[in-house]
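I have placed the structure first, in the form of structure tokens, so that the comments after it can refer back to it.
Protein chains get the first letters and strands the later ones, always in sequence-line order, with residue 1 at the start of each.
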Amino acid sequence: MAKQYWLLKSEPEEFSIDDLKRVKKEPWDGVRNYQARNYLKSMQIGDQALFYHSNTEVPGIVGIMEVASEPYPDPMAFDQKDKHYDPKSDPENPRWFLVEFKYVRHTARTISLAELKDDAKLEDFPLTRRGNRLSVMPVTAAQWKYLLGLEKKAPKA
DNA sequence: GCCAACGTTGGC
DNA sequence: GCCAACGTTGGC
């Protein structure tokens with residue numbers, strides 16, 4: 001299958017692009033939403049993803065990372081002491097999955113949510129659709145190219 | 001299977 | 001901190 005593109009949200013207070021750069025590679029654990037889970041399960045090594053900072057002063061795209069593992073069961077779901085523990089996820093039949101991501105690079109600038117919302121070309125982009133709270137979403141090849149084109153433009157004043 | 005109550009997300 | 005939007009849970 002061809003390479004796929006994604007966008008993943010993280011709160012920088014929890015885990016930021018700088019954290020990813022420091023650790024190089026990170027298992028994307030704690031996803032507890034079925035739709036997001038299904039996207040994680042369909043990822044393949046080499047897929048590229050935008051790193052998005054949510055719930056912060058200037059929410060937006062801040063970097064690029066790459067899928068670095070096959071999807072595997074999220075071990076946190078089995079750990080009673082973990083806040084992502086889910087008693088309904090059985091190790092024999094795991095409910096939650098994750099992949100590992102490796103750091104690729106920061107974007108040259110933060111491509112802010114406000115800017116993306118303003119962009120008529122991105123009407124169909126799931127991120128800017130009203131009420132969307134998915135933390136993992138697909139990005140089309142065309143959107144990927146367009147978004148990285150924005151990186152080199154100066155943000156609107 | 002319906003739906004109200006509740007919890008979470010995330011922009012502002 | 002507020003609150004709108006949405007997902008999940010659980011009683012019936």
Calculate the interatomic distance between [X] atom [atom1] and [N] atom [atom2]; express it in whole Å.
{"X": "A:Leu113", "N": "B:dT9", "atom1": "CG", "atom2": "P", "answer": "17 Å"}
{"X": "A:Lys88", "N": "C:dT8", "atom1": "NZ", "atom2": "P", "answer": "10 Å"}
{"X": "A:Leu8", "N": "B:dT9", "atom1": "CG", "atom2": "C1'", "answer": "15 Å"}
{"X": "A:Gln35", "N": "C:dT8", "atom1": "CD", "atom2": "C1'", "answer": "14 Å"}
{"X": "A:Leu134", "N": "B:dG11", "atom1": "CG", "atom2": "C1'", "answer": "16 Å"}
{"X": "A:Ile61", "N": "B:dG10", "atom1": "CD1", "atom2": "P", "answer": "14 Å"}
{"X": "A:Asp86", "N": "C:dT9", "atom1": "CG", "atom2": "P", "answer": "8 Å"}
{"X": "A:Leu127", "N": "B:dT9", "atom1": "CG", "atom2": "C1'", "answer": "13 Å"}

Output yes when at least one side-chain N/O atom of A:Lys117 is less than 4.0 Å from OP1 or OP2 of B:dG11, else no.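 False: A:Lys117 side-chain N/O out of range (4.0 Å or more) of B:dG11 OP1/OP2.
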Counting only side-chain nitrogens and oxygens, does A:Tyr52 get under 4.0 Å of the OP1 or OP2 atom of B:dT9?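 False: A:Tyr52 side-chain N/O out of range (4.0 Å or more) of B:dT9 OP1/OP2.
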N-O pairing of A:Glu66 and A:Lys24 below 4.0 Å: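 No salt bridge links A:Glu66 with A:Lys24.
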5'-most contact on DNA chain C: A:Asn55 or A:Arg32, nearest heavy atom basis?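 So the residue in question is A:Asn55.
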Regarding A:Glu100 and A:Tyr72, is there a side-chain donor-to-acceptor distance under 3.5 Å anywhere?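 A pair is found: one side chain offers a donor N or O, the other an acceptor, under 3.5 Å apart.
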Check the side chains of A:Asp18 and A:His106 for a donor-acceptor pair under 3.5 angstrom, ignoring hydrogens and angles.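 There is such a pair between these side chains.
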Taking atom NZ of A:Lys83 as the centre, report whether more than 12 heavy atoms of other residues, nucleotides or ligands fall under 6.0 Å from it.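 No, the 6.0 Å shell around NZ holds no more than 12 heavy atoms from other groups.
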What nucleotide, of C:dT9, B:dG11, C:dT8, holds the atom closest to the side chain of A:Tyr34?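 Closest of the options to the side chain of A:Tyr34: C:dT8.
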Which one, B:dG11, C:dT8, B:dG10, comes nearest to the side chain of A:Lys9?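 The listed nucleotide nearest to A:Lys9's side chain is B:dG10.
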Treat primed atoms plus P, OP1 and OP2 as sugar-phosphate and everything else as base, then score nucleotides 2-7 of chain B 5' to 3': B for base contact with protein heavy atoms under 4.0 Å, S for sugar-phosphate contact only, - for none. -----B
Partner set under side-chain contact (heavy atoms from CB on, under 4.5 Å) for A:Asp47, not counting sequence neighbours: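 A:Asp47 satisfies side-chain contact (heavy atoms from CB on, under 4.5 Å) with A:Lys3, A:Gln4, A:Trp6, A:Met43, A:Gln44, A:Val67 only.
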Tabulate below the donor-acceptor pairs under 3.5 Å that side-chain atoms of residues 35-42 of chain A make, not counting sequence neighbours, or state none.
| residue | atom | partner | partner atom | Å |
| --- | --- | --- | --- | --- |
| A:Arg37 | NH1 | A:Arg95 | O | 2.7 |
| A:Asn38 | ND2 | A:Tyr34 | O | 3.3 |
| A:Ser42 | OG | A:Tyr39 | O | 2.9 |

Taking the six-membered ring for Trp, is the centroid-to-centroid distance between A:Tyr85 and A:Trp96 below 6.0 Å?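 No - the distance between ring centres of A:Tyr85 and A:Trp96 does not fall below the 6.0 Å cut-off.
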